[in-house]
**Q** 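Below is the structure I would like to discuss, written out as structure tokens.
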Amino acid sequence: MTTALPFPGPSPSAPAAVYGPASDLLLTLYGRRPLDGMRLNGDRAPVKELITRPSPA
């Protein structure tokens with residue numbers, strides 16, 4: 001099963017979408033799996049920014 005995770009941007013359409021199994025998407029968001037292993041459509045910059053953003057205090 002593949003799940004798409006859209007990243008919202010300033011426009012109604014998402015600038016990027018990451019595809020893969022839900023467990024792999026979560027591991028990528030938590031920094032436990034590299035983004036290179038996921039299928040990415042669109043702009044890579046907002047995805048990298050979200051993954052590398054520090055957690056709110």
**Q** Could you tell me whether R44 and D36 make a salt bridge, using a distance below 4.0 angstrom between a side-chain N and a carboxylate O?
**A** yes
**Q** Could you grab the distance from atom CZ of R39 to atom CG of D24, nearest 0.5 Å is fine?
**A** 13.5 Å
**Q** Go through it in stages, so that I can follow the logic: the residues are N41 and V18, the test is side chain to side chain contact (heavy atoms under 4.5 Å, CB included), and I'd like the CA-CA distance, side-chain angles, deciding distance and then a yes or no.
**A** CA-CA 6 Å; N41 288 348; V18 180; over 6 Å; no
**Q** With rounding to the nearest 0.5 angstrom, report the CZ to OG distance, R32 to S23.
**A** 14.0 Å
**Q** For residues P34 and T28, report the shortest heavy-atom separation together with the two atoms involved.
**A** O-OG1, 4.1 Å
**Q** As an exercise, state the distance from CD1 of I51 to OH of Y30, rounded to the nearest 0.5 Å.
**A** 13.0 Å
**Q** Calculate, to the nearest 0.5 Å, the distance between atoms CE and CG belonging to M38 and L25 respectively.
**A** 4.0 Å
